[in-house]
Every structure is written in structure tokens, then in C-alpha cells.
Number of protein chains: 2
Amino acid sequence: MPPDDAHSRTAILDAAEKLFSTQGYAATTIKQIGTEAGVNSALLYYYFADKLTLYQEIIRRLLETLTRSGTRVFDEAKSAEEAVRGLVSVQGELMTSRPYAPRLIARELVDHEAEHASEHISKLAAGVFARLCEVIRDGQRSGIFRDDLDPRFAAISTISQVVYFHIARPAVGIVLGYGPAGPPADVTRTFNAHAADYAIAALTAPSSGRKRTRKQK
Amino acid sequence: MPPDDAHSRTAILDAAEKLFSTQGYAATTIKQIGTEAGVNSALLYYYFADKLTLYQEIIRRLLETLTRSGTRVFDEAKSAEEAVRGLVSVQGELMTSRPYAPRLIARELVDHEAEHASEHISKLAAGVFARLCEVIRDGQRSGIFRDDLDPRFAAISTISQVVYFHIARPAVGIVLGYGPAGPPADVTRTFNAHAADYAIAALTAPSSGRKRTRKQK
DNA sequence: GTCTATAGGTGGATAGAC
DNA sequence: GTCTATCCACCTATAGAC
């Protein structure tokens with residue numbers, strides 16, 4: 001993949017990423033992509049085998065970024081709390097900086113069994129997920145996290161907040177009073193911070209008793 | 001809407017609900033719906049004006065159920081904790097009992113600006129959301145809930161768990177080791193219970209200090 | 001109410017000139 | 001590398017028989 005050799009190629013990729021994420025795969029036409037990219041739609045078939053291949057290339061590109069920054073957080077974190085906060089924060093940054101990413105991911109999550117089932121997204125995400133589970137388990141063993149929550153479920157709950165906020169962005173915008181365009185950037189950032197607080201509040205062991213051994217299942 | 005006058009009508013509605021939620025609106029064809037419903041595809045145009053109208057009718061039907069059971073929870077709840085637990089639990093039951101509902105909702109959330117933007121979903125959901133915010137605020141005032149969380153954000157975080165679990169069902173299935181078909185029913189039920197615990201753990205005021213007045217923003 | 005047949009339109013993909 | 005022109009399959013929607 002040369003840096004900028006084929007300018008049209010990236011133009012097509014960017015245009016397609018935008019259209020696929022806002023309209024969905026089936027609803028997006030080859031001609032729309034061509035127009036949005038400023039090239040003839042037939043050119044698409046010079047760079048990509050077909051519509052589906054183009055789509056999968058976009059998913060692949062996105063996933064690489066996602067997992068890279070995800071694993072980095074865990075490598076650098078010094079404590080369980082730091083890891084949890086770091087992951088939530090990175091999630092938030094990524095969703096905010098790449099506005100089309102959340103929807104594309106959302107569609108993949110929903111569409112999994114359907115046509116272009118890219119198992120990659122789940123498989124790779126599983127890596128980050130497994131590490132989050134470990135971190136939570138460690139926190140429970142060392143006593144800083146409450147141990148009456150299933151670590152895997154707690155991981156899902158923790159991750160869900162930021163992802164949901166961005167997937168449901170239009171709806172969230174409406175319930176918060178900003179309209180269907182979604183909340184402004186500063187509110188989004190504030191929520192990202194909140195999500196980390198909420199997660200830590202849920203995970204942290206109650207400071208009173210300190211001794212609870214009931215383990216789920 | 002007579003009880004069971006037009007048998008074919010409901011057959012079409014059910015078939016369409018299934019197909020739209022699994023494949024999406026654009027990817028689903030009129031002929032598929034006809035076949036799935038066991039009637040000729042042209043019959044669809046006898047009962048519904050066009051494809052979009054049929055789709056919107058399905059959304060409407062689903063939303064009615066959703067908001068009805070949502071508001072009932074708040075009417076019956078005797079305490080803040082009971083209301084939060086009740087809502088999470090009702091969310092879970094509904095998602096479990098109507099297996100196609102979560103995806104349909106997910107698609108609507110993501111698609112909002114796109115073609116069939118049904119503002120209904122957000123508007124009606126806003127009613128339930130507003131009441132959840134009130135409940136959390138009440139809990140904060142009475143001291144049983146920690147008051148350093150923004151009630152609106154806390155409401156979003158609380159709701160997000162169950163919705164995300166069901167939207168991302170295939171991915172969740174994979175990371176939990178059950179494959180892309182999703183986790184079995186008992187695991188789903190266990191998660192629903194967990195989600196309530198997680199939310200209460202996050203919301204409940206730390207039993208130690210009991211006196212914190214820092215308010216977000 | 002339910003079907004057959006088909007009109008009318010659009011979308012993905014290819015051939016081939018430049 | 002990029003474009004024009006076009007083929008073919010398929011999809012929505014309608015007309016009209018039963």
C-alpha cells in the first residue's frame with residue numbers, strides 16, 4: 001500500500017466510508033460513491049473487485065486503528081483503575097475523532113449474520129475484551145474492585161456506555177435537548193469522562209465492609 | 001385495527017419485522033416478505049401503500065409496546081432503586097421476548113437521518129428517559145444515590161447496558177465463547193440481572209463518608 | 001382478497017476507447 | 001488510470017383477471 005500513489009483510491013475509500021456508515025451497505029450505490037469521491041463510478045472497479053470487497057477493505061482499515069490503540073492502553077496502564085479509565089477514554093476519543101466509525105461498527109454488530117459478515121470485528125475486539133476482563137479480575141483479587149460482579153459482564157457493561165452513546169447519537173441528541181444532529185462536542189467529551197466515573201463507581205469495592213466473598217456463579 | 005380480521009395482514013407484518021430486522025430495510029425485497037409470509041408479494045400493496053409505509057407501521061407497533069411497559073414500571077415503583085431495577089428488568093424481558101426488536105431499534109437509532117427517519121422512536125423514548133432522570137435525581141436528593149454523577153448521563157449509562165448487549169448480540173456471543181449465534185437464554189437472563197446490579201452499584205452513594213456535595217457542572 | 005403478468009426504473013458490473 | 005456506453009438482472013409498483 002504505497003503512501004499516496006493512487007489518489008483516487010483513497011478518495012473512493014473515504015467517500016465510501018462516509019456513505020456506507022450514514023446510509024448502510026445496501027442503500028449505498030456505486031454511482032453515489034463515484035459522485036461523492038469526484039470520480040467516475042466505473043473507476044471503482046479498477047481499484048476494487050466489487051462493492052463488497054471495497055466495503056471489507058474499509059472495515060479492515062478501521063479495525064486496525066481500533067485494536068492498535070486499544071492494546072496500547074493496557075500495555076501502558078499502571079493500575080486496574082488506570083486501565084479501565086484509559087480504555088473508556090480511548091474509546092471516546094476514537095469515536096469522536098472518526099465521526100463515521102461508530103455507525104459503521106454499529107452496522108457491523110447488527111448485521112453480523114447478514115451478507116457481509118466480517119468476523120474480524122468480533123474476533124479482534126475479543127482481544128481487547130479479554131484484557132479488560134483480566135484487568136477487572138486482577139482488581140477484584142487485589143481488593144480494590146468489588147468481587148460480587150461477574151468480570152466478563154462487568155466488562156460488557158463498562159464498554160457499552162461509550163459505544164451506545166455514539167451509536168445512538170441522534171436519539172441521545174434528542175433526549176438531551178440538542179436535536180437529532182446529536183450533542184455538541186463538549187457534551188460528548190463530558191459524557192466520555194462521566195462514563196469512566198460511572199464504571200469506576202460500579203466496580204469499586206464499597207469502602208465499608210471490605211469483606212465480601214460471594215462470587216457470581 | 002380489528003382483532004384478527006385480516007390474517008394475511010399480520011402475517012405480512014410479522015414476516016417483514018423479521019426480515020427488516022435481520023437484513024435491514026434496503027436489503028429486504030417485497031418478494032422475500034411475500035414468500036416469508038406465505039402470500040403473494042403483490043398482496044402487500046393491498047394492505048399497505050408501499051414498502052416504506054409497511055416499515056413505519058412495524059416501528060409504530062413495536063414502539064407502542066415499548067413505551068407502555070416502560071411507563072408502567074415507573075407508575076408501580078415504590079423507591080428509586082426499585083424503579084431503576086424495574087426498568088432494566090423490563091428492558092431485558094422485552095428484548096428477550098421479541099428477538100427482532102433490538103435490531104430493529106438499533107437500525108433506527110443508527111439510521112435516524114437516513115431515509116425512513118422515524119423521529120417517533122426518539123420522541124417516545126424521551127418520555128421514559130425523562131422519568132428515569134427524575135428518579136435518579138430523587139435518589140440523589142434523598143441521599144441514597146451518590147450526587148457526583150450527572151443524572152442525565154447516569155440515565156444513559158444505565159440504559160446503555162441492556163440495549164448494547166442485545167444490539168451487539170453476535171459479537172457478545174463470540175467474546176463470551178458461544179459463537180456468533182449469541183449467548184443462550186439463561187446467560188442473557190443472568191446478564192439482565194447483572195445490569196441492574198451494576199447500575200445500582202454505580203449509583204449508590206458510598207456508605208463511608210455519606211457527605212459529598214460536589215455536583216457535576 | 002388474492003393472484004398473474006408486466007411495466008418502468010435502477011443498480012452492479014463489463015467492454016473498450018482514450 | 002480514467003472515462004463513455006451499455007448489458008443484464010432484479011426490484012418496486014400497478015393493471016387487471018378471478
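Lettering of chains follows the sequences in order, A, B, ..., and the numbering in each one begins at 1. If you're wondering where the values come from, they're calculated on a predicted model, not measured in any experiment.
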Any ion pair linking A/Arg61 and A/Glu57 (charged N to carboxylate O, less than 4.0 Å)?
-> no
Is there a donor in the side chain of A/Ser160 and an acceptor in the side chain of B/Gln161, or the other way round, less than 3.5 Å apart?
-> no
Residue pairs fulfilling salt bridge (Lys or Arg N to Asp or Glu O under 4.0 Å) with at least one residue in residues 28-44 of chain B, sequence neighbours excluded | B/Lys18-B/Glu36
Fit a plane to each ring of B/His194 and A/Phe153, take the angle between them on a 0 to 90° scale, and name the class: parallel (under 30°), tilted (30 to 60°) or perpendicular (over 60°).
-> tilted
Whether each nucleotide of nucleotides 2-18 of chain D has a protein heavy atom under 4.0 Å at its base (B), only at its sugar-phosphate (S) or at neither (-) is summarised, 5' to 3', as BSB------SBBB----
Just how far, in rounded Å, is P of C/dT14 from CG of A/Leu44?
-> 11 Å
Which of parallel (below 30°), tilted (30 to 60°) and perpendicular (above 60°) describes A/Tyr55 and A/Phe20?
-> perpendicular
